[in-house]
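Data first, discussion second: the structure below is written as structure tokens.
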Number of protein chains: 2
Amino acid sequence: MTDRVVARYWIETAFPLADAAATMAGEQSTGTFVRTPGESDELRERHAARVEEVEEIGAVATPSLPGSGLPRSGESVRRAAYVTLSWPIENFGASLPNLLAAVAGNLSELKAFSGLKLLDLQLPPIFLDSYRGPQFGVAGTRRLAEVWDRPLIGTIIKPSVGMSPEATAEQVKLLLSAGVDFIKDDELQADGPHCPFDQRVPAVMRVIRDHAERTGKKVMYAANLTGEIDEMLARHDLVLREGGTCVMASMNAIGLPAMKVLRAHSQLPIHGHRNGWGMLGRSPAIGMSFIAYQKLWRLAGIDHTHVNGIDNKFCETNESVIASARECLTPMFPAPYKGCEVMPVFSSGQSAKQAPASYAALGSADCIYAAGGGILGHPSGPAAGVRALQQAWEAAMAGVPLADAAKEQRELRDALATFGA
Amino acid sequence: MTDRVVARYWIETAFPLADAAATMAGEQSTGTFVRTPGESDELRERHAARVEEVEEIGAVATPSLPGSGLPRSGESVRRAAYVTLSWPIENFGASLPNLLAAVAGNLSELKAFSGLKLLDLQLPPIFLDSYRGPQFGVAGTRRLAEVWDRPLIGTIIKPSVGMSPEATAEQVKLLLSAGVDFIKDDELQADGPHCPFDQRVPAVMRVIRDHAERTGKKVMYAANLTGEIDEMLARHDLVLREGGTCVMASMNAIGLPAMKVLRAHSQLPIHGHRNGWGMLGRSPAIGMSFIAYQKLWRLAGIDHTHVNGIDNKFCETNESVIASARECLTPMFPAPYKGCEVMPVFSSGQSAKQAPASYAALGSADCIYAAGGGILGHPSGPAAGVRALQQAWEAAMAGVPLADAAKEQRELRDALATFGA
């Protein structure tokens with residue numbers, strides 16, 4: 001076990017950058033403010049986090065976050081920098097919860113910093129001894145959904161809350177008839193008293209099975225089983241019994257250890273929903289990038305995760321969306337180790353118009369492309385909405401401009417007219 | 001089940017405040033951008049989140065966070081406000097993971113906001129049907145530690161990593177002889193390969209039991225069992241077998257469902273470590289206040305939690321530390337329901353000098369007052385360090401200024417001379 005964990009940060013500090021980086025490394029490994037008995041040089045050498053690189057970005061005018069301190073020198077020019085630290089795996093073992101304390105624990109409260117964000121994480125493959133990674137990933141999801149050579153066209157059940165199990169099943173019936181490949185529960189609906197999981201899933205799966213019998217197409221339904229651990233395992237079993245092919249869990253709500261338990265138990269792909277990620281990832285000055293975040297969850301065993309979408313209705317930039325989506329398909333470990341690639345899910349304000357940019361950005365059609373209003377709001381109805389999304393991706397993948405494809409394809413033409421081109 | 005969940009936010013937006021609040025409520029309950037089939041007025045009435053109050057704070061010059069949008073009106077004056085929303089419990093049931101999706105899910109990524117932070121949360125007592133709250137709390141912790149009428153004087157094992165089980169036990173022996181009431185593992189040390197939990201705990205408990213036999217005082221040791229769920233339960237059992245009286249878990253690392261499982265299994269107080277909280281709580285513009293955060297974990301079952309300390313080495317203000325500490329002792333539910341009070345843990349750069357301010361702020365001695373350098377760095381050694389802390393609290397509780405008490409008490413006098421008064 002000589003492998004090291006490497007973490008890259010963005011920092012902002014008025015301290016000399018080398019000192020600031022050394023503070024980070026010390027606080028997150030051997031350090032305390034007073035050198036204590038038992039702390040030998042050899043021990044420090046073996047266990048201290050190491051500063052691998054400090055790259056200055058430049059001066060900043062005002063502190064991004066309040067509460068930081070100034071060095072005794074009185075120096076008050078703040079600078080931003082990228083800092084890379086590494087830790088010996090011996091400090092915490094191949095344990096994600098304990099890794100977090102080191103790379104994302106008290107660090108972000110250190111007084112020397114007016115900003116500190118975890119940007120990326122490289123983990124040694126020994127983590128694969130403890131974690132299984134995705135069970136299905138891209139290939140397994142495609143096999144279950146029986147969709148090849150294009151994205152899975154997905155949608156969400158809306159309204160989020162308020163519908164009974166029967167009304168939900170009716171809504172699913174409509175979406176099935178539209179021809180979608182993938183349907184997910186909203187993250188706001190798991191087991192509400194008016195729409196209990198144990199009634200919703202049988203009701204929804206009945207219409208999915210009926211549809212499959214008639215058409216030969218079993219649509220993938222990500223049933224939101226978020227809850228306590230025993231609940232989630234029982235709900236997984238119900239989905240399996242009902243012939244379902246996917247479960248969904250809100251990652252931030254359940255935590256990594258619960259995801260590990262779910263993964264070990266699951267016989268179905270796990271759709272990892274990132275709601276709440278904005279609390280961790282939205283600020284440029286604090287928290288954790290999605291690039292680092294998704295690696296933890298991929299290792300823990302999710303098969304899909306959300307990356308927002310190009311020109312989304314949220315506040316994430318396209319650059320960030322693209323980086324996240326590409327990262328999902330980038331191996332976490334070199335061959336012959338498992339790469340743990342997962343299927344990125346584009347969503348939020350998506351319609352036909354973003355297909356070319358999404359395809360160009362991803363360099364692949366290995367994604368779930370989810371639309372809500374972009375399907376249901378099509379002037380010729382939901383089936384035309386789905387068809388338009390398929391046409392848009394076919395055109396994108398063939399390198400044909402949407403405007404050209406729309407000349408021949410009415411559904412696409414109407415979609416572009418309705419949702420913008 | 002007619003109870004409602006109430007959440008209070010700080011927001012920053014260029015949109016009319018009433019519209020912005022309505023967007024929050026809509027997005028987090030029934031809403032989508034296009035009104036969909038099946039969404040009746042009655043359903044909206046019953047399940048829509050409700051805007052309870054909007055209180056304008058004032059205009060802000062520049063957006064706190066990037067990525068927000070402007071209203072179509074072209075209005076570009078941004079204002080900050082407090083917004084209170086409520087949800088019917090029927091939307092998600094008494095489930096903390098599913099509550100989170102509503103009150104702290106996609107909300108913080110909404111484009112209308114250049115800042116959005118969850119400040120407080122009021123939960124209906126029906127959550128007590130699902131969650132047990134603290135098992136020991138203040139009274140149970142005092143009973144096990146046999147410390148009454150003053151804070152538990154605590155300390156931490158340092159260096160954080162690098163010591164073998166035997167070296168750790170030696171360090172504990174030193175701390176025991178100093179007379180502390182409470183010793184905790186560092187959050188960085190749970191089960192590192194060079195200091196496995198299964199070897200550290202028996203080694204540490206041996207010296208604690210020896211000390212108890214000699215002195216009649218069994219010091220409370222919060223053994224950091226953070227890890228996967230099966231590991232944590234097994235580790236708890238080991239602590240119990242060894243005669244230990246406390247376990248510690250990093251809350252952010254394990255998640256609420258794992259804490260619920262640990263609480264259900266545990267026969268010992270759970271010391272909830274908040275490392276990583278800075279990622280959620282440090283920015284004034286995003287994330288979650290500790291006031292809201294600690295309620296979730298108290299309900300899930302922790303008995304102690306960290307609140308930082310007065311004049312701490314981190315970047316938290318004293319005002320925030322005090323609010324957090326007081327909140328830990330404030331009932332979450334009115335009588336006759338369980339109040340779920342937990343013991344606040346002061347730490348980080350604490351020495352004798354902060355005792356009066358801590359006592360004045362808390363209005364109580366029901367806390368763990370933890371010091372590291374403030375004990376080990378005392379010029380007359382650790383026992384004098386502990387004695388000085390006790391003297392400082394005795395003086396504070398008696399309303400005697402530290403300077404006066406120090407005239408009579410050498411340990412306190414030396415502590416104030418060393419660490420500042």
Side-chain angles (χ1 to χ4, degrees), chain A residues 29-30 32-34 36 38-39 43 47 65 67-68 90-93 95 97-98 100-102 104-106 108-109 111 158-159 161-163 167 171 187-188 190-194 226-229 250 253-255 257-258 260-261 275-276 278-280 282-283 286-287 314-315 372-373 376-377, chain B residues 29-30 32-34 36 38-39 43 47 65 67-68 90-93 95 97-98 100-102 104-106 108-109 111 158-159 161-163 167 171 187-188 190-194 226-229 250 253-255 257-258 260-261 275-276 278-280 282-283 286-287 314-315 372-373 376-377:
Chain A
S29 56
T30 55
T32 179
F33 282 73
V34 177
T36 54
E39 187 170 9
L43 180 156
H47 292 282
L65 296 175
S68 65
E90 286 89 345
N91 281 26
F92 31 76
S95 163
N98 289 306
L100 279 180
N106 283 338
S108 48
E109 293 183 68
K111 205 160 193 144
K158 288 275 187 185
V161 289
M163 290 197 297
Q171 170 84 343
E187 79 275 8
L188 296 172
D191 187 46
H194 286 299
T226 302
E228 305 304 335
I229 292 166
S250 291
I254 75 169
K260 184 175 198 275
V261 169
N275 69 85
M279 292 202 300
L280 281 176
R282 184 175 169 191
S283 169
I286 195 83
F314 293 116
C315 50
L376 295 174
Chain B
S29 57
T30 56
T32 178
F33 282 73
V34 177
T36 53
E39 188 170 9
L43 180 156
H47 292 281
L65 296 175
S68 66
E90 287 89 344
N91 281 26
F92 31 76
S95 163
N98 289 306
L100 279 181
N106 283 338
S108 49
E109 293 183 68
K111 204 162 194 141
K158 288 275 186 183
V161 290
M163 290 198 297
Q171 170 84 344
E187 80 275 9
L188 295 171
D191 187 46
H194 286 298
T226 302
E228 304 304 334
I229 292 166
S250 291
I254 75 168
K260 185 176 197 275
V261 168
N275 70 83
M279 292 203 299
L280 280 176
R282 185 175 169 192
S283 169
I286 195 82
F314 293 116
C315 49
L376 295 175

Largest heavy-atom contact set with chain A, pairs under 4.5 Å, which of [options]:
options	answer
B/H47, B/E109, B/K260	B/E109
B/G192, B/A190, B/A167	B/G192
B/A102, B/G227, B/G255	B/G227
B/S283, B/P257, B/G276	B/P257

Which atom of [X] lies closest to which atom of [Y], heavy atoms considered:
X	Y	result
B/M163	B/K158	CE-O, 3.7 Å
B/P193	A/G93	CD-N, 3.5 Å
A/A101	B/E187	CB-O, 3.5 Å

Looking only at A/G105, A/C315, A/G278, A/G67, most heavy-atom pairs under 4.5 Å shared with chain B are made by A/C315
Largest heavy-atom contact set with chain B, pairs under 4.5 Å, which of A/I286, A/N106, A/N91
A/N106
Please step through side chain to side chain contact (heavy atoms under 4.5 Å, CB included) for the pair B/E228 and B/D191, ending with a clear verdict.
CA-CA 11 Å; B/E228 304 304 334; B/D191 187 46; over 6 Å; no
Apply side chain to side chain contact (heavy atoms under 4.5 Å, CB included) to A/A253 and list each qualifying residue two or more places apart in sequence or on a separate chain.
A/T226, A/S250, B/P97, B/L100
